[in-house]
Amino acid sequence: MKILILNGPNLNLLGKREPKIYGSETFEDYFESLKEKFSEFELEYFQSNHEGELVDKLHEVGFSYEGVVFNAGAYTHTSVALADAIKGIETPVVEVHISNVHQREEFRHKSYLSPVCKGVILGFGLLVTI
Ligand code: CA2
């Protein structure tokens with residue numbers, strides 16, 4: 001089962017800045033623990049700060065992978081292009097956020113992606129447990 005973990009802008013800074021909001025673990029270390037914990041899945045990780053590259057990646061995997069776990073970062077609150085891309089592919093996409101965006105600024109309460117995603121998970125930090 002192929003699953004893509006897709007991260008958007010600034011998430012390459014995880015573990016390096018703002019530890020109070022986003023924790024102190026780098027995504028690369030976190031990804032290693034995910035691969036160990038979920039060894040029955042074929043996990044792939046891709047991060048980009050560029051909207052078009054995220055669209056391209058969704059198109060690339062969106063007819064062959066079983067799922068995408070997508071933290072679109074700030075594009076969540078702005079991107080019609082990403083919403084259209086999610087709507088246009090067959091693979092189900094789950095929207096995730098590390099922080100509880102509803103406890104934060106008003107502009108983070110709006111998601112263009114939630115209506116076209118299979119589900120939404122937010123506010124649990126980088127939790128590996130199921
Ligand atoms: O809580 C989340 O996962 C967010 O998607 C993170 C985005 C933010 O714009 C969304 O509203 C909620 C920001 C990602 C920035 O990540 C950083 C990590 C470390 C240091 C600085 C930024």
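Order of appearance sets the numbers: ligands from 1, and atoms from 1 within every ligand.
- Scanning the protein heavy atoms around atom 2 (C) of ligand 1, the nearest turns out to be I98 N, 3.3 Å.
- The protein heavy atom nearest to atom 15 (C) of ligand 1 is N10 CB, 3.6 Å.
- Closest protein heavy atom to atom 13 (C) of ligand 1: Y22 OH, 3.3 Å.
- The protein atom (non-hydrogen) at minimum distance from atom 19 (C) of ligand 1 is R17 O, 3.2 Å.
- Looking at R108 next to ligand 1, an N or O pair under 3.5 Å apart turns up.
- In this structure, Q47 CD and K57 NZ are separated by 12.0 Å, a value rounded to the nearest 0.5 Å.
- Here the heavy atom of the protein found nearest to atom 4 (C) of ligand 1 is H97 ND1, 3.7 Å.
- Between L13 and ligand 1, not a single N/O pair is under 3.5 Å apart.
- Every heavy atom of T76 sits 4.0 Å or more from the atoms of ligand 1.
- Counting only non-hydrogen atoms, the option in E95, E18, H77 that gets closest to atom 10 (C) of ligand 1 is H77.
- Relative to the six-membered ring of F107, K110 misses at least one condition, a distance below 6.0 Å or an angle of at most 45° to the axis.
- A pairwise comparison of heavy atoms in L113 and S79 identifies CD2-O, 4.0 Å as the closest pair.
- At most 12 heavy atoms of other shown residues, nucleotides or ligands fall within 6.0 angstrom of atom CZ in F124.
- Side-chain contact between I86 and F70: present, with at least one pair of heavy atoms (C-beta onward) separated by less than 4.5 Å.
- The NZ atom of K37 lies 16.0 Å from the CD atom of E32; values are rounded to the nearest 0.5 Å.
- Those atoms of ligand 1 that come under 4.0 Å of a heavy atom in A74, given as number and element, are 9 (O).
- For the pair A74 and P9, the tightest heavy-atom approach, listed with the atom from each and the gap, is N-CG, 4.3 Å.
- Here the protein heavy atom with the shortest distance to atom 14 (C) of ligand 1 is L11 CD2, 3.8 Å.
- Remark: K35 NZ is packed, more than 12 non-hydrogen atoms of other residues, nucleotides or ligands lying under 6.0 Å away.
- T76 and E95 form no side-chain donor-acceptor contact under 3.5 Å, judged by distance and modelled atom types alone.
- Protein heavy atom closest to atom 12 (C) of ligand 1, with residue, atom name and distance, is V101 CG1, 3.7 Å.
- Ligand 1 has a nitrogen or oxygen under 3.5 angstrom from a nitrogen or oxygen of S99.
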